[in-house]
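To keep things clear, I will list the structure first and then write my remarks on it.
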Amino acid sequence: MLREFEPRDLEPIAAIVEEALHERYEPALYMSLSDPWRDGFLVAADPSGRPAGFLLGVSQVENEGRVLMFAVHRDWRSQGVGSILMEEFLRRTRARGLHRATLEVRVSNAGAIRFYSRYGFSVIDLLRGYYSDGENGYQMARDLPPG
Ligand SMILES: CC(C)(COP(=O)(O)OP(=O)(O)OC[C@H]1O[C@@H](n2cnc3c(N)ncnc32)[C@H](O)[C@@H]1OP(=O)(O)O)[C@@H](O)C(=O)NCCC(=O)NCCS
């Protein structure tokens, strides 16, 4: 079910992003963001091969992996898809020799904050007006000890 991103995933992923994250991005953006770390862009496919969820991980700061986008199609939530994606992201981040993982989340997104806390992330900063609609964000992070 878990595989790396393929160009044919662009349209279904853009639809998940629009519904779940209320954002619209140019297809070229996904391609350019995933370019430096191809296997940081993880797709959980449904039985027909269509993306049920995805996690776009990037590494823009030395020694750090960052969850840039993460969402599961609403029909597939609370069935463990997000957990599979997060566990694989953390595994790949560590395997790449990165020592820390970070992410940003809306302060109102209690479900996602609880999810991330379960994966060892804690809030390290308040990002004022971080989102395009003016909402504040939390930056969350966790260390990834080697081994
Ligand atoms: C956050 C998100 C990615 C999590 O994905 P998910 O697939 O729902 O995650 P999981 O199913 O692994 O875990 C979610 C919950 O389901 C529960 N769960 C996991 N596996 C389960 C299973 N097999 N059966 C029933 N429940 C299960 C988990 O305990 C968890 O409970 P919680 O509500 O206390 O967190 C998803 O909810 C989402 O896309 N939300 C909208 C977008 C968003 O907020 N993205 C993050 C932006 S920073």
Side-chain angles (χ1 to χ4, degrees), residues 1-6 8-34 36-61 63-96 98-144:
M1 244 186 75
L2 202 61
R3 58 172 171 78
E4 278 158 34
F5 166 81
E6 297 165 7
R8 70 187 163 105
D9 298 327
L10 270 177
E11 183 250 302
I13 283 179
I16 294 173
V17 168
E18 195 165 349
E19 182 272 321
L21 303 174
H22 313 288
E23 303 282 0
R24 258 188 229 213
Y25 302 111
E26 290 297 319
L29 182 79
Y30 295 95
M31 306 301 286
S32 63
L33 287 170
S34 65
W37 184 13
R38 284 298 168 93
D39 59 355
F41 198 165
L42 299 168
V43 171
D46 73 11
S48 74
R50 239 179 121 76
F54 76 101
L55 189 158
L56 172 51
V58 295
S59 181
Q60 296 160 327
V61 172
N63 290 326
E64 280 189 15
R66 176 179 169 208
V67 179
L68 194 63
M69 277 185 244
F70 177 38
V72 171
H73 190 285
R74 60 168 181 266
D75 294 348
W76 284 95
R77 285 185 203 149
S78 298
Q79 298 175 50
V81 175
S83 300
I84 291 169
L85 287 163
M86 178 55 74
E87 278 164 23
E88 184 62 13
F89 167 73
L90 293 172
R91 197 186 68 74
R92 290 189 185 196
T93 304
R94 200 183 261 119
R96 207 175 155 85
L98 306 172
H99 304 312
R100 195 170 151 83
T102 65
L103 59 87
E104 293 79 26
V105 60
R106 288 178 182 268
V107 295
S108 64
N109 196 348
I113 293 167
R114 192 174 56 230
F115 179 95
Y116 295 139
S117 303
R118 234 186 9 251
Y119 283 95
F121 288 87
S122 40
V123 173
I124 56 162
D125 204 2
L126 173 68
L127 309 169
R128 291 191 190 281
Y130 181 75
Y131 291 94
S132 51
D133 60 4
E135 184 171 349
N136 293 339
Y138 286 132
Q139 185 174 40
M140 300 182 79
R142 61 158 288 176
D143 289 334
L144 291 167

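Numbers here simply count residues along the sequence, with the first being 1. When a ligand or atom number is given, it counts from 1 through the structure's own listing order. Not measured: the values here are computed from a predicted model.
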- Message: Would A112 count as being in polar contact with ligand 1, using the rule that some N or O on each side must be under 3.5 angstrom apart?
- Response: no
- Return the minimal non-hydrogen interatomic distance between E135 and V107, and the atom names on each side. OE2-N, 3.4 Å
- Task: Give the residue and atom name of whichever protein heavy atom lies nearest to atom 38 (C) of ligand 1, and the separation in Å to one decimal.
- Result: R77 NE, 3.4 Å
- For atom 28 (C) of ligand 1, grab the closest protein heavy atom and report residue, atom and distance to one decimal in Å. R118 NH2, 3.7 Å
- Item | side chain to side chain contact (heavy atoms under 4.5 Å, CB included) between T102 and R66, intermediate numbers included | CA-CA 5 Å; T102 65; R66 176 179 169 208; 3.5 Å; yes
- Heavy-atom contact under 4.0 Å between R74 and ligand 1? no
- Query: What residue and atom, counting heavy atoms only, is the protein's closest point to atom 12 (O) of ligand 1, and at what distance?
  - Reply: S83 OG, 2.5 Å
- Query: Which of the atoms of ligand 1 are close to Y116, meaning less than 4.0 Å from one of its heavy atoms?
  - Reply: 46 (C), 47 (C), 48 (S)
- Query: Atom CZ in R91, atom CG in L144: separation rounded to 0.5 Å?
  - Reply: 12.5 Å
- Message: For L85, which part has a heavy atom under 4.0 Å from ligand 1: side chain, backbone, both, or neither?
- Response: neither
- Note on the structure: In this structure, atom 26 (N) of ligand 1 is nearest to the protein heavy atom S78 O, 3.0 Å
- Taking only heavy atoms of L21, which atoms of ligand 1 are found under 4.0 Å from at least one of them? 42 (C), 43 (C), 45 (N), 47 (C)
- Item | Atoms in ligand 1 with a heavy atom of E104 nearer than 4.0 Å | 48 (S)
- Looking at R114, which atoms of ligand 1 are within less than 4.0 Å of one of its heavy atoms? 32 (P), 33 (O), 34 (O), 35 (O)
- Message: List the residues meeting ring pair (Phe, Tyr, Trp, His ring centres under 6.0 Å) with Y138, not counting sequence neighbours, and say none if there are none.
- Response: none
- atom 30 (C) of ligand 1 protein-contacted, heavy-atom criterion under 4.0 angstrom: yes
- Item | Donor-acceptor contact present, side-chain Y116 to main-chain A141, <3.5 Å | no
- Task: Return yes if some donor-acceptor pair links the side-chain N/O of R50 with the main-chain N/O of P12 below 3.5 Å, else return no.
- Result: no
- Message: Once rounded to the nearest 0.5 Å, what's the spacing between atom CG of L126 and atom CD of Q139?
- Response: 11.0 Å
- Item | A71 neighbourhood, listing ligand 1 atoms whose heavy-atom distance to it stays under 4.0 Å | 39 (O)
- Nearest protein heavy atom to atom 45 (N) of ligand 1, by residue and atom, and its distance? F70 O, 2.9 Å
- Item | Heavy-atom nearest neighbour in the protein, as seen from atom 19 (C) of ligand 1, with distance rounded to 0.1 Å | G80 N, 3.7 Å
- I124 side, atom CD1; R142 side, atom CZ - distance, nearest 0.5 Å: 13.5 Å
- Nearest non-hydrogen protein atom, atom 44 (O) of ligand 1: N109 ND2, 2.7 Å
- To the nearest 0.5 Å, atom CD1 of I113 lies from atom CG of L103 at 9.5 Å
- So which heavy atom in the protein is nearest atom 39 (O) of ligand 1, and how far is it from that ligand atom? V72 N, 2.8 Å
- What distance do L42 atom CG and F70 atom CZ have between them, rounded to the nearest 0.5 Å? 9.5 Å
- Item | Distance filter under 4.0 Å to G82 heavy atoms, resulting ligand 1 atoms | 5 (O), 6 (P), 7 (O), 9 (O), 12 (O)
- Query: Going through the checks in order, is the side chain to side chain contact (heavy atoms under 4.5 Å, CB included) test met by Y30 and I13?
  - Reply: CA-CA 10 Å; Y30 295 95; I13 283 179; 4.0 Å; yes
